[in-house]
Structures are given as C-alpha cells and as structure tokens.
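Note that ligands are numbered from 1 as they come in the structure, with each ligand's atoms numbered from 1 the same way. Every value quoted in this text rests on a predicted model; they were computed, and no experiment measured them.
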Amino acid sequence: MTTATARAHPNIAFIKYWGNASDALRLPVNPSISMNLDGLYAETTVTWDEALPADTLRLNGKDEAGPALERVQRHLHAVRQHLRLTQYARVVSHNNFPTGTGIASSAAAFAALTVAAAGASGQAVPERALSTLARLGSGSAARSVPAGFVRWFTGDSHETSYAESFAAPDHWALVDVIAIVSDQHKATGSQEGHPTAPTSDLQAARVAGAAARFELCQQAILARDFDTFAEVVERDSNLMHAVMMTSRPPLFYWLPATLALMAAVRRWRAEGLRVCYTLDAGPNVHCICIREDADQVRERLWQHSGILEVRRATVGGGAALVNAG
Ligand code: PMV
C-alpha cells in the first residue's frame, strides 16, 4: 500500500479552450493561456491498495457513487495504464472553494489527483507527462500542473498536447478578484459543453483567430502591458460566450448581474483602474487587475447588487506533492 497527497490550484483562462479536436483524448481545437489561482486549491490523497476491489472516492467529506466516482475511475484507469499499475486506489479529496460555479474545480481536482496518483506510485513522472495525464481528466487540468502563467499548445496526439509555464508566479502581480453572483451548480458543465461548440456558426471564426489572440496575450503578459492584455482577454471571453450562446442547444451562462458587472468593469477601466473581466462556463465574473488596484475593485464590486461573495487570488504555483509515504 502506498500513499501520497497533492495540492493543485484552479486556473483562470485568459485565452479560452472551448471545443475538442478529439473528445476521447481531450485534444483542444485551439491553444489557450491561463494563470493559476493562489489560495484556492484541491487537496487529494491517493492510496494504491492491492486489497481494494475497485477505486473509491470521498469528496468534501462524502463518499461518492455515480457520475463523480465514474469520472475519477475512468481517469485512474488511464493513469494505471500509463504508469503500468495494477492496484485500485482510494481517493480522498477536498476543495477550499465552491464547486461548479465558474471557478474551474475540475482543473484543480484532476491536476491534484494526477500528481497524487503518480506520487503514490513512487515513479518520477516528468511535469510534461503529468500535464498530459491531467488533461485526460479535464482539459484545463493540464494547465493547473505547471506554475504561474501557463500556455497549452493544441498538440496533435496524447503526448504532444501538454501545458507549460512561460512566466513564473512573481513575473507580474496580477490579482483575480472573483465576483460570485451564483452559488448554484451550473446546469451544463464544460464536459457536456465542448462537444456542442462545433454546432455554432461562430466557432470556426473564433478558432481561426485564436492563435493570433494567444500570441498577443502572451506578449502582453511578458511585457506587462495591461492595456493590450485587457482588450484581448475581454474579446476572447466574449467570443467564447458568443459561441456558447449560438450553439445548438444554446448555452447561456450569464445572469443579469453578470452583464451589469461586465459593463461596470469596462467603465472602471475607462476611469483609470487597471481591471478587465473574463468568464468561464458560469456566471461569476473574474476581474483581473493589477495588485495596486485590487482593493478598489473589491470595494466597488460590493457596491453592486447581486454579489454573494468576493474572492481574491494572486498568481499561484504548480501542482505539488504535500507529502509521500
Ligand atoms: O477543462 P474543462 O473541460 O472544464 O474546460 C474548461 C473550459 C473553460 O473553463 C470555459 C475555458 C478554459 O479554458 O478554462
């Protein structure tokens, strides 16, 4: 019996991943960029145990059966094949943030699960291989394995589709001030959403411009050029949501408070605050700002109606083992 515990942060995408070239391998149709969110994490312990008749999952203090367990079992099956293991695993995991509300809980969950599973095997698995493995559980989990500012090239096979860091967490003091406007579990998760992307007439146009936006965003981060960064991050988020809203069936993630906040953020930027918005597959608004402006953004958010909670995250490190035994 061998065990290990790992922690991984969720990440917020600046250039979004939406739609797969291969649903089975979760190969994305476009490259994406994100930063890890410090302070928020999933912590997962994996124990490989010869005596277990099947994989088990305890999530936030509750023994899971059904879809959550099955998704973890599918992922562990893939990890077993890649690491040539034969035992089943006991998985115990908890998040310190709400699941299913636009903070990408699956990214942190599958990054932590992968790193703990590999750690418990005793094998030294390189970061790149950990990132490809994490991708099989949830595409964006590939980006929660490396530290700081991360890019994920599409690749064209399991081995070539991985994420890597292109700037360390201390490269640029960005803060994600997250306005939580709903704590309901979202109706359609990204797993079911990706396959609908090609049904939108706008997806081809979004994908055609993705490489250019990726380059612009990466250069803006490397140069710490907030104006260029803000413009491309908001445009990319709007493009993804335009695809979602025009898919069949359509996916509307925005609530009235979401739209009001997007307009407010643009107004604040015009007034001189260095802040921009981006949204994942949920209604919560991620306000990405320069550290000196984060308190102002937080104060102004609280003056809006419809805000349930405001969270704040700086740039986080990569997924890592907490201990191994
Ligand atoms: O990793 P998934 O399948 O949960 O997809 C994530 C999709 C978005 O969060 C909407 C965008 C992204 O790049 O993180």
Side-chain angles (χ1 to χ4, degrees), residues 8-37 40 42 67-68 71-72 74-75 95 97 99-114 131-146 149-154 161-163 176 178 185-197 200 203 206-207 210-211 213-214 217-218 232-245 247 251-254 258 277-286 288 313 316 319:
H9 300 298
N11 64 76
I12 180 68
F14 300 143
I15 299 298
K16 307 294 188 184
Y17 146 56
W18 194 246
N20 290 321
S22 157
D23 284 323
L25 284 178
R26 293 186 207 276
L27 299 180
V29 284
N30 66 274
S32 55
I33 289 181
S34 60
M35 81 175 198
N36 288 338
L37 300 178
L40 309 174
R71 192 167 171 189
V72 163
R74 270 198 304 278
H75 188 59
N95 295 333
F97 59 94
T99 50
T101 58
I103 301 177
S105 55
S106 63
F110 283 98
L113 176 63
T114 304
S131 175
T132 57
L133 276 177
R135 192 200 72 239
L136 296 173
S138 168
S140 59
R143 297 191 313 239
S144 278
V145 172
F149 297 89
V150 173
R151 62 185 173 203
W152 173 22
F153 295 114
T154 53
S161 187
Y162 61 93
D176 183 3
I178 311 163
H185 207 283
K186 58 195 172 198
T188 307
S190 33
Q191 177 152 249
E192 303 85 60
H194 288 292
T196 72
S200 165
Q203 172 72 344
R206 189 193 71 86
V207 172
R213 291 190 302 279
F214 174 95
C217 183
Q218 179 173 247
V232 73
V233 167
E234 289 186 353
R235 179 155 50 96
D236 193 83
S237 174
N238 295 344
L239 279 162
M240 179 180 74
H241 283 270
V243 167
M244 290 165 159
M245 289 177 202
S247 293
L251 296 171
F252 289 93
Y253 287 109
W254 298 355
T258 312
Y277 66 76
T278 187
L279 279 80
D280 278 345
N284 299 323
V285 181
H286 293 254
I288 312 295

Under 4.0 Å from a heavy atom of [X]: give me the atoms of ligand 1 that qualify, with their elements.
X	result
Ser190	2 (P), 3 (O), 4 (O), 5 (O)
Ala13	12 (C), 13 (O), 14 (O)
Ser140	1 (O), 2 (P), 4 (O), 6 (C), 14 (O)
Ala281	10 (C)
Ser106	4 (O)
His194	2 (P), 3 (O), 5 (O)
Met240	10 (C)
Gly139	1 (O)

Interatomic distance, Ser138 atom OG to His75 atom NE2 [nearest 0.5 angstrom]: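 Rounded to the nearest 0.5 Å, the OG-NE2 separation comes to 9.5 Å.
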
Point-to-point distance, once rounded to the nearest 0.5 Å, from CD of Gln218 to CD1 of Ile15: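 Rounded to the nearest 0.5 Å, the CD-CD1 separation comes out at 10.0 Å.
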
If you define the side chain from C-beta out and look only at heavy atoms, does anything of [X] sit under 4.5 Å from [Y]?
X	Y	result
Tyr253	Thr188	yes
Arg235	Val233	no
Leu27	Asn20	no

Test side-chain hydrogen bond (donor to acceptor under 3.5 Å, both in side chains) applied to His286 and Thr278, Asp176, Asp280, the passing residue: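 Of all the options given, the one that passes is Asp176.
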
Nearest neighbour of atom 12 (C) of ligand 1 from the list Met244, Arg143, Gln191, Arg135, on a heavy-atom basis: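 Ranked by closest heavy atom to atom 12 (C) of ligand 1, first place is Arg143.
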
For [X], is at least one N or O under 3.5 Å away from an N or O on ligand 1?
X	value
Ser138	yes
Asn11	no
Lys16	no
Ser32	no

Side chain Gln203, main chain Trp18, donor-acceptor under 3.5 Å: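 Judged by distance alone, yes, a pair lies under 3.5 Å.
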
Main-chain N/O of Pro28 paired to Thr154 side chain as donor or acceptor, under 3.5 Å: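 No; zero donor-acceptor contacts below 3.5 Å.
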
Aromatic plane relationship, Phe153 with Phe214 - under 30° parallel, 30 to 60° tilted, over 60° perpendicular: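 Tilted, since the angle between the ring planes falls between 30° and 60°.
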
Close approach, Arg26 and ligand 1, non-hydrogen under 4.0 angstrom: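 No, that is not the case, since the closest heavy atom of the residue is not under 4.0 Å from the ligand.
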
